Amino acid sequence: MTTVEHHYPKQGRVILHIDMNAFYCSVHEAVEPEIYRGKPIAVAGSVELRRGIIVTSSYAARSMGIKTGMQVGQALKICPDLMLIRPDFELYRSFSRRFMQIAYSYSPMVESMSIDECFVDITGSKQFGTPLEIAGTIQQRIMNELQLPCSIGVAPNKLLAKMGSDMKKPNGISVLRLRDVPTVLWDKPCNYLYGIGKKTADKLTKLGIFTLGQLAEGDELLLSKHFGVMGPHLKRSANGIDNSPVNPEQEQSKSIGHTTTLPRDYIERKEIHRVFLNLADQVARRLRKQELMTSTIQITIRDPDMRTITRSVTLPTPTEHMDDIYRTSCQLYDHQWEDGNPVRLLGITLQNLTSKEETFVQLDLFDYEKQPKRENLNKIMDGLRDKFGENAILTAGMMSDDPSAFIRNHKSRGISLQMDHLKNNPLHKEEEK
């Protein structure tokens, strides 16, 4: 045991990120290997019309130039032998539950991020061996029992574990420690870091920040000026710092969230911001009803091809105010989603909730006079809605045709959409990147 303990930190954590490789296609290969194994295959939304989009493709197809998001017609021109498969989400969810059950047998601290990836906190799992031994055993079991390849990142936090799992695909295991960050990451462009999209990278470039090393040493005031609450978060991430815990299924109830499927695909940023305004209003109202405050705001974006991403940021101080939640949600969206890309579903989830009574909010010098006014306004608005109904007060910005604007008189569900297929399971969540 002494040898094993040597591989675990005296303080800190050991986190695994398990990422299933080409998950949808790999599942079809596992179920019907005689038809699909090793062949160029792709899961696409509209197979017959050949007008759909490639949701994901096998590694054999990728080697021929087939990419996620490519139109089916274009993919068939590149690879006439490409085998197209209609999505089978029930089948994918079944395999998702099974691979997470394997992970769960090595630690109760399993947090599903989507249908094909999860974090596992193995800090207390020394009885199963060293971190690398546990990662290798999980990977081997997933291959032997499910015939599915996966990549695993081993790191002291979730961010670096996620980055590690991307370093060797398919079927690799990578260790990424905090001391490795300068040599492994700092010479890379900013969009190499998980959570930094093209838009954010372009904005950083205009500020003269081209590499993660420059971002890691960047001026925090400058970053805050241009990115709001995301600024300091970007700098911490470039330094490999991430203090967010692995939230097992039992902890997921400690969140308040709502998602809405849009009546049509939204493209315009103004329309999308209006949906976020409605969602922020609803989740903030529920937050105040429970006398809670939130420190972490997460948004969910799903496109017409069912690809879903979640992004979150932790605020410098907890809040209960709709405008804080709305502003942060819009910032997250603007930094992560390309203009013109259609959106089918949007959501906001409030995490890291604390009792308002027990929360000490550190008011800055310029905000302490405004805070009581904001609280009084919230009380007046909440009182009017309690008396006259949720539609008693709507701002002009809330008027739209998205469903979130018209369900205020009904009880809304606080279940994160990622949890839908696992809510009756000892684990949890859903979907594919």
Side-chain angles (χ1 to χ4, degrees), residues 111 113-114 119 158-159 162 194-197 199-200 223-224 226-237 241-247 251-260 269 272-302 308-337 343 345-356 359 361-364 367 371 374 378 397-398 404 412-419 429:
E111 179 183 357
M113 295 303 291
S114 66
F119 290 105
K158 291 164 70 173
L159 172 66
K162 170 69 178 173
Y194 174 69
I196 295 185
K199 282 189 68 175
T200 303
L223 292 169
S224 296
H226 289 274
F227 296 96
V229 295
M230 285 290 292
H233 173 76
L234 291 171
K235 180 172 180 174
R236 287 194 300 271
S237 296
I241 298 169
D242 175 20
N243 297 320
S244 59
V246 172
N247 288 317
E251 297 297 317
Q252 292 298 324
S253 60
K254 295 182 181 178
S255 65
I256 292 174
H258 189 74
T259 59
T260 182
R269 185 187 300 186
I272 289 161
H273 281 194
R274 186 180 292 120
V275 177
F276 277 130
L277 183 62
N278 280 295
L279 292 170
D281 179 59
Q282 291 175 67
V283 293
R285 170 103 161 106
R286 288 165 54 200
L287 188 73
R288 293 192 298 271
K289 276 188 174 182
Q290 297 181 44
E291 297 184 351
L292 297 171
M293 300 188 82
T294 181
S295 295
T296 301
I297 297 169
Q298 174 182 284
I299 65 167
T300 301
I301 312 169
R302 174 176 286 176
T308 307
I309 68 165
T310 59
R311 293 291 184 268
S312 63
V313 65
T314 298
L315 304 173
T317 56
T319 187
E320 62 174 356
H321 301 298
M322 180 266 280
D323 54 337
D324 292 334
I325 297 167
Y326 167 65
R327 183 175 61 253
T328 304
S329 298
C330 289
Q331 286 178 351
L332 282 168
Y333 173 83
D334 291 346
H335 293 324
Q336 295 300 330
W337 203 253
V343 174
L345 175 148
L346 291 167
I348 296 177
T349 302
L350 309 180
Q351 301 170 329
N352 288 342
L353 307 183
T354 51
S355 166
K356 184 178 178 181
T359 302
V361 180
Q362 186 177 2
L363 305 176
D364 66 47
D367 197 47
Q371 194 73 7
R374 296 172 85 192
N378 284 336
M398 292 178 186
S404 68
S412 53
R413 293 178 300 125
I415 300 173
S416 170
L417 79 117
Q418 302 102 307
M419 307 281 280
K429 300 184 187 175

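Everything quoted here is computed from the prediction, not taken from an experiment.
In this structure, Ile297 and Asp324 approach most closely via the heavy-atom pair CD1-O, 4.2 Å. Taking each heavy atom of Met230 and Leu332 in turn, the nearest pair found is SD-CD2, 3.5 Å. For Leu353 against Ser255, the heavy-atom pair with the smallest separation is CD1-CA, 3.7 Å. The two residues Gln331 and Phe227 make their nearest non-hydrogen contact at OE1-O, 3.7 Å. Between Asp242 and Leu159, the shortest heavy-atom contact is OD2-N, 3.0 Å. Nearest heavy-atom pair, Arg311 versus Gly195, reported as atom, atom and distance to 0.1 Å: NE-CA, 3.9 Å.
For the atom pair Arg236 CZ and Ile241 CD1, the distance stands at 8.0 Å (nearest 0.5 Å). Atom CG of Leu350 and atom CD1 of Ile256 lie 6.0 Å apart (nearest 0.5 Å). In this structure, Leu287 CG and His321 NE2 are separated by 10.0 Å, a value rounded to the nearest 0.5 Å. A distance of 12.5 Å separates CG in Leu234 from NE2 in His226, rounded to the nearest 0.5 Å. Going from atom OG1 of Thr259 over to atom CD1 of Ile299 covers 13.0 Å, rounded to the nearest 0.5 Å. Asp334 contributes atom CG, which lies 5.0 Å from atom NZ of Lys199 (distance to the nearest 0.5 angstrom).
When side chains are defined from C-beta on, Val246 counts as touching Lys158, because their heavy atoms get closer than 4.5 Å. Here the side chains of Phe276 and Arg327 are not in contact, with every heavy-atom distance at 4.5 Å or above. Using a 4.5 Å cut-off on side-chain heavy atoms (C-beta onward), Arg269 and Trp337 make no contact.
Formation of a donor-acceptor pair under 3.5 Å by the Ser329 side chain with backbone atoms of Ile325 is found in this model. The backbone N or O of Gly257 lies less than 3.5 Å from a partner atom in the side chain of Arg286, making a donor-acceptor pair. Although no hydrogens or angles enter the test, the distance criterion places a donor-acceptor pair under 3.5 Å between the side chain of Glu111 and the main chain of Asn247. The main-chain N or O of His335 is found under 3.5 Å from a side-chain atom of Thr200 such that the two form a donor-acceptor pair.
No side-chain donor-acceptor contact under 3.5 Å links Ser295 and Asn352.
Considering Leu346, Leu345, Ile348 as possible partners of Thr300, the one that fulfils the side-chain contact (heavy atoms from CB on, under 4.5 Å) test is Leu345.
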Report the C-alpha distance between His273 and Leu277 in whole Å, list the side-chain angles of each, state the deciding distance to 0.1 Å, and finish with yes or no for side chain to side chain contact (heavy atoms under 4.5 Å, CB included).
CA-CA 6 Å; His273 281 194; Leu277 183 62; over 6 Å; no
